[in-house]
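Small disclaimer: the values here were computed from a predicted structure and weren't measured. Keep in mind that the numbers below use all heavy atoms, side chains included, and drop hydrogens, waters and symmetry copies.
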Amino acid sequence: MSASGFGETASREVPILGGRPVGQIGIVVRDIDRALDMYIGMWGLKGWNGFVYSSDNVRSLSYLGEPADYRMKVAWTGANPQIELVQSLGGPNIYEDWLERRGEGLHHLGIMVDSIATEVEVMQDAGYQILQAGFGHGLDGDGGFAYIDTEPELGVIIELIEAPARRRPPDFLPG
């Protein structure tokens with residue numbers, strides 16, 4: 001560990017995340033409908049899109065390095081950064097793990113990347129574990145997400161996000 005207390009990442013010439021801005025703030029909730037009411041009522045946030053992700057519409061899902069079959073319901077709005085609410089619909093998965101250990105609240109910071117495969121390799125080469133991932137949620141089988149275990153250093157998880165070229169229509173439109 002370096003003198004700064006942040007291991008290899010603090011002493012790198014080029015930061016692992018390349019200075020990319022946070023594109024998403026991810027918040028884990030137990031009840032997404034209740035959370036949406038609160039976020040809409042408190043902040044007036046509008047324009048939400050909602051999706052359910054599972055093996056039904058994501059080509060490849062993994063959890064702790066093994067193939068997995070979890071389900072999640074997400075809703076997001078805005079940009080720079082986008083606010084995302086996430087509810088587990090079945091696991092095991094990192095959302096249920098987080099709720100058990102820490103309860104509802106800030107879970108991850110999302111970073112937009114051009115290539116999920118390239119950035120996952122960079123993170124693994126730097127010694128970071130991929131906690132959970134999903135690939136192929138776009139209409140053309142592209143797009144992906146990978147959650148990186150940065151909680152010991154940052155107190156939150158980093159999510160790498162590769163947006164699909166064509167996103168499927170939302171499953172629901174909250175608010």
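- Using a 4.5 Å cut-off between side-chain heavy atoms of Ile, Leu, Val, Met, Phe, Trp and Tyr, with links allowed through other members, V122 and L160 fall into the same hydrophobic cluster.
- Counting heavy atoms of neighbouring residues, nucleotides and ligands inside a 6.0 Å radius, atom CD of Q124 exceeds 12 of them.
- By the rule that hydrophobic residues join a cluster once side-chain heavy atoms approach within less than 4.5 Å of another member, L61 and I94 end up as members of one cluster.
- Environment of CG in D140: crowded, with over 12 heavy atoms of neighbouring residues, nucleotides or ligands closer than 6.0 Å.
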Without placing hydrogens or testing angles, list every side-chain donor-acceptor pair under 3.5 Å for residues 73-85, not counting sequence neighbours.
from	atom 1	to	atom 2	distance (Å)
T77	OG1	K46	O	2.5
Q82	OE1	Q24	NE2	2.7
E84	OE1	H108	NE2	3.0

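- Residues that satisfy the ring pair (Phe, Tyr, Trp, His ring centres under 6.0 Å) test with W98, not counting sequence neighbours, are H107.
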**OP:** Carefully, step by step, assess L17 and M123 under the rule side-chain contact (heavy atoms from CB on, under 4.5 Å).
**Re:** CA-CA 9 Å; L17 298 173; M123 296 302 286; 4.1 Å; yes
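- Between W48 and L173, the shortest heavy-atom contact is O-CD2, 3.7 Å.
- Scanning for side chain to side chain contact (heavy atoms under 4.5 Å, CB included) contacts around F135 gives S60, I116, A133, with sequence neighbours left out.
- Judged by distance alone, the side chain of N57 and the main-chain N or O of S54 form a donor-acceptor pair under 3.5 Å.
- Hydrophobic clustering keeps V86 apart from Y39 (ILVMFWY residues linked when any side-chain heavy atoms are closer than 4.5 Å, directly or through intermediates).
- Of all the heavy atoms in L131 and I157, the pair that sits closest is CD1-CD1, 3.8 Å.
- Ring pair Y53/F51 is parallel by interplanar angle, where below 30° counts as parallel and above 60° as perpendicular.
- Residue I32 is grouped with residue W43 when hydrophobic side chains (ILVMFWY) are merged at heavy-atom distances under 4.5 angstrom, including chains of intermediate members.
- Considering CG of D69 and OG of S55, their distance stands at 3.5 Å, rounded to 0.5 Å.
- Contact record, G134 with Y70: N-OH, 4.3 Å, taken as the closest heavy-atom pair.
- Between atom CZ of residue R34 and atom CG of residue D37 there is a gap of 9.5 Å, rounded to the nearest 0.5 Å.
- For the pair G110 and I161, the tightest heavy-atom approach, listed with the atom from each and the gap, is CA-CD1, 3.9 Å.
- Under the 4.5 Å side-chain heavy-atom criterion for Ile, Leu, Val, Met, Phe, Trp and Tyr, I130 and Y128 are members of the same hydrophobic cluster.
- Each of I158, I148, V113, I16 was compared with E119 under the side chain to side chain contact (heavy atoms under 4.5 Å, CB included) criterion, and only V113 meets it.
- Taking CD of E66 as the start and CD of Q132 as the end, the distance is 13.5 Å to the nearest 0.5 Å.
- One distance of note links CD of Q129 with OH of Y147; it measures 15.0 Å at 0.5 Å rounding.
- In this structure, E151 and R102 approach most closely via the heavy-atom pair OE2-NH1, 2.8 Å.
- Rounded to the nearest 0.5 angstrom, M112 CE and R20 CZ are separated by 10.5 Å.
- Taken to the nearest 0.5 Å, the CG atom of L106 stands 13.0 Å off from the CD atom of E104.
- A pairwise comparison of heavy atoms in R71 and N93 identifies O-ND2, 4.1 Å as the closest pair.
- Here the options are D33, I27, D31, the test is side chain to side chain contact (heavy atoms under 4.5 Å, CB included), and the partner is V29; only I27 passes.
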